[in-house]
Number of protein chains: 2
Amino acid sequence: MQVVCSAAIVSANIFSTTSRDDPSPADTEVPELPEPTLKDVAALAGVSPRTVSNVVNGYVHVAAATRAKVEAAIQELDYRPNILARNLASGRSGQIAVVIPYLDTPYFSELLQAIIPRARHRGFNVLIDQTDGDPAHEAELIRRRPRGFAYDGMIFSPLGLAQADLSQRDPDLPLVVLGERSSDGEFDHVGIDDVAAARDAVDHLISLGHRRIAAIGDQPYRTGEAAQRRTAGYRQAHEHAGLPVDDSLVIVTPRFNRVDGAEAMGHLLDREDPPTAVFAYSDLVALGAIRTILQRGLRVPEDVAVIGYDDIEDGRYNTPTVSTIAPDKAGIAAAAVDRLLERIDSGNDLPGKEIVCPYRLVPRESTVGPVTPD
Amino acid sequence: MQVVCSAAIVSANIFSTTSRDDPSPADTEVPELPEPTLKDVAALAGVSPRTVSNVVNGYVHVAAATRAKVEAAIQELDYRPNILARNLASGRSGQIAVVIPYLDTPYFSELLQAIIPRARHRGFNVLIDQTDGDPAHEAELIRRRPRGFAYDGMIFSPLGLAQADLSQRDPDLPLVVLGERSSDGEFDHVGIDDVAAARDAVDHLISLGHRRIAAIGDQPYRTGEAAQRRTAGYRQAHEHAGLPVDDSLVIVTPRFNRVDGAEAMGHLLDREDPPTAVFAYSDLVALGAIRTILQRGLRVPEDVAVIGYDDIEDGRYNTPTVSTIAPDKAGIAAAAVDRLLERIDSGNDLPGKEIVCPYRLVPRESTVGPVTPD
DNA sequence: GTGAAAGCGCTAACAG
DNA sequence: CTGTTAGCGCTTTCAC
């Protein structure tokens with residue numbers, strides 16, 4: 001419950017802009033010397049522009065003496081190639097777009113943290129585009145390159161779009177889609193085996209003795225494919241253990257965030273026969289659910305055990321720490337970047353490929369309780 | 001305490017790459033028609049390239065009839081300008097860099113979420129660079145434009161660099177620095193009044209009756225300017241209330257994260273005379289501190305009250321919710337972007353400007369306790 | 001208000 | 001292995 005700040009306590013500065021005009025003492029109009037060009041370097045080194053280009057781009061077949069001369073000239077002029085010119089000439093921007101629903105959702109920001117260095121190491125810069133899961137925005141992004149943005153390929157994490165909608169894409173856009181493939185497609189997919197992971201999560205709860213296990217996060221509509229795979233795993237675990245599935249324990253939520261988790265948990269606890277354990281489809285949902293459980297004066301995991309999905313940092317520092325399915329984010333990032341660059345290099349002339357990355361089940365306090373240090 | 005997954009529970013897929021070769025039935029070698037150019041449009045519309053350019057760029061002085069002809073031609077050819085060519089010709093990339101220490105730190109990701117749409121609305125794309133607070137990396141970024149990256153200006157949130165180090169920058173780089181100015185500089189600053197905000201936070205604790213108030217997050221070395229401003233505010237609040245400052249209650253931490261908060265709080269609670277309230281220099285520090293307090297079986301705020309800084313989403317959903325200083329992130333983002341674009345447009349020929357944005361004190365459960373709904 | 005033409009600085013055939 | 005040369009597709013002075 002948030003207290004809206006009352007006038008007495010609030011201290012709000014007026015948006016003031018104080019311009020201290022730093023009367024720059026050395027206001028000498030510098031001759032504005034132009035940046036040296038490749039041609040300048042060539043002239044100084046006494047070689048052709050072509051050779052300078054070769055040196056700059058690290059071509060192998062350059063005589064050592066020539067290379068030395070050119071490098072000396074580059075040093076002397078403090079030459080740096082003009083990327084804008086290179087881009088035009090080569091027809092490449094050296095940038096890839098990463099399209100995700102939410103930048104501030106920990107799972108995505110953690111994934112980004114892995115993608116960016118990987119791409120950069122390969123000489124590519126990353127453009128980030130946040131869609132808010134808006135289907136129109138997502139569709140627009142893959143249908144044609146939006147005006148004003150330059151990128152050579154895209155890593156795309158769809159939320160508002162179903163897999164089927166992806167067929168409407170610009171066929172010339174090198175594309176790698178995050179998340180498991182749930183229908184046929186002609187591009188690359190990178191993800192973990194959601195069904196197996198969900199099954200493992202629920203198996204874990206069952207192995208702890210739980211028999212009434214709720215699932216929070218189902219999305220039984222066409223864009224809810226990722227959620228549906230988790231639900232499938234939930235059912236498989238029950239089947240495998242010979243337990244019946246109580247469909248009323250499978251809770252639908254519009255999103256995978258804290259609020260949804262908190263509300264859904266509230267409804268579950270209002271029942272006459274609340275579950276003893278919960279499989280949340282994301283760690284944020286799990287955190288929301290845990291908050292509700294604690295607010296009701298119940299304990300986690302003694303009264304209700306909770307397991308999440310994603311292994312975000314928040315879950316590792318929560319009280320209690322949150323058990324979870326931990327996808328190999330670094331592996332996913334590496335696979336996605338590498339495949340996309342491969343695709344770009346090939347002129348986008350590659351068959352669709354399915355890349356399945358590892359995951360781990362990580363039991364923490366929210367299912368097994370506090371661990372006493374040895 | 002995290003249980004490292006034991007072999008029995010872990011389910012780790014081998015990194016398998018199953019290539020389903022989608023034998024694309026329609027493997028018809030498309031004639032690979034080249035993208036239409038501005039020249040093509042001009043030819044079709046019967047005008048000069050110049051005129052097409054004028055239309056595309058929304059120039060005012062184009063006869064209505066001409067414009068209509070050109071637009072029809074654009075439609076017909078499905079023409080989109082080649083950004084790479086435009087960039088070279090105009091000497092602009094249409095991109096700005098935003099350099100922050102950590103992408104997954106909620107404060108920065110929330111700020112980014114505000115910066116990106118603002119920049120995009122103005123026709124600029126945002127490149128994100130994460131420095132991990134590495135001084136060498138930060139220095140390199142402002143010293144000269146790194147090879148391979150194209151941007152017209154930079155919004156920079158320094159962490160490893162002191163304000164004084166910023167003078168070493170490339171004077172031709174349009175630069176807006178986030179955070180309050182603490183020494184003289186010749187570029188723009190955008191931030192809130194940290195000293196006043198910190199003072200307000202501590203005033204709030206004092207007004208609740210607290211007399212022994214700890215501060216967690218001081219950084220008494222040259223790059224810790226932001227922390228030092230908070231400490232100054234902490235002292236001012238004490239002075240103002242006629243309270244003595246116990247220097248041993250001002251805790252130094254290397255960073256502003258959960259772990260540091262948790263550890264510092266541990267030390268404070270180990271004392272014979274623990275504080276009854278804590279001013280944490282970030283919400284993450286506050287969250288870490290709260291976790292430690294709860295783990296010791298103490299209550300927040302009854303035994304120890306905690307107030308943070310930044311107003312991140314995690315604090316709004318924590319148990320208890322975290323009182324905080326809420327900077328106007330949207331205002332900061334807007335001011336930074338607008339000023340940077342102004343600077344770019346002016347050819348970087350503008351005096352340094354100090355922009356101070358508003359903030360609010362937001363009391364929540366961690367200081368005033370649960371609020372009973374009416 | 002519109003046309004003509006000269007680059008922007010680099011890459012990449014094509015020679016040699 | 002290196003020089004020559006023609007663009008990449010757009011913007012932008014300069015005239016008319």
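Reckoned from all heavy atoms, side chains included, excluding hydrogens, waters and symmetry mates.
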List the residues meeting side chain to side chain contact (heavy atoms under 4.5 Å, CB included) with [X], not counting sequence neighbours, and say none if there are none.
X	result
A/Arg122	A/Asp338, A/Leu341
A/Pro49	A/Leu38, A/Ala42
B/Asp104	A/Ser109, A/Gln113, A/Glu313, B/Tyr102
B/Ala72	none

Please confirm whether the backbone N or O of B/Ile96 pairs with a side-chain atom of B/Asp152, one donor and one acceptor, at under 3.5 Å?
no

Give a yes or no answer on whether the side chain of B/Arg80 reaches the backbone of A/Arg145 with a donor-acceptor pair at less than 3.5 Å.
yes

Per the under-4.0 Å heavy-atom filter, residues of residues 36-57 of chain A near DNA chain C come out as A/Thr37, A/Leu38, A/Arg50, A/Ser53, A/Asn57

Please name all residues satisfying side chain to side chain donor-acceptor pair (under 3.5 Å) with A/Arg343, sequence neighbours left out, ordered by chain then number.
A/Asp188, A/Asn348

Going by the rule side chain to side chain donor-acceptor pair (under 3.5 Å), which residues pair with A/Thr223 if we only count those two or more places apart in sequence or in a different chain?
none

Span of DNA chain C, from the first to the last nucleotide whose atoms fall under 4.0 Å of chain B heavy atoms
C/dG1 to C/dG9

Taking C-beta and beyond as the side chain, do B/Val337 and B/Phe124 meet within less than 4.5 Å on heavy atoms?
no

Check A/Cys357 against A/Ala335 and note the closest heavy-atom contact, atom names and distance.
SG-CB, 4.4 Å

Below 4.0 angstrom, which residues in residues 70-87 of chain A have at least one non-hydrogen atom near DNA chain D?
none

Take B/Arg67 and A/Ala89, find for each the nucleotide of DNA chain C with the closest heavy atom, and name the residue whose nucleotide sits nearer the 5' end.
B/Arg67

With sequence neighbours left out, which residue pairs that include part of residues 39-55 of chain A fulfil the salt bridge (Lys or Arg N to Asp or Glu O under 4.0 Å) condition?
none

Residue pairs meeting salt bridge (Lys or Arg N to Asp or Glu O under 4.0 Å), one or both in residues 89-103 of chain A, sequence neighbours left out, come to A/Arg92-A/Asp345

Its 5'-most and 3'-most nucleotides having an atom under 4.0 Å from a non-hydrogen atom of chain A, DNA chain D is contacted over D/dC1 to D/dG9

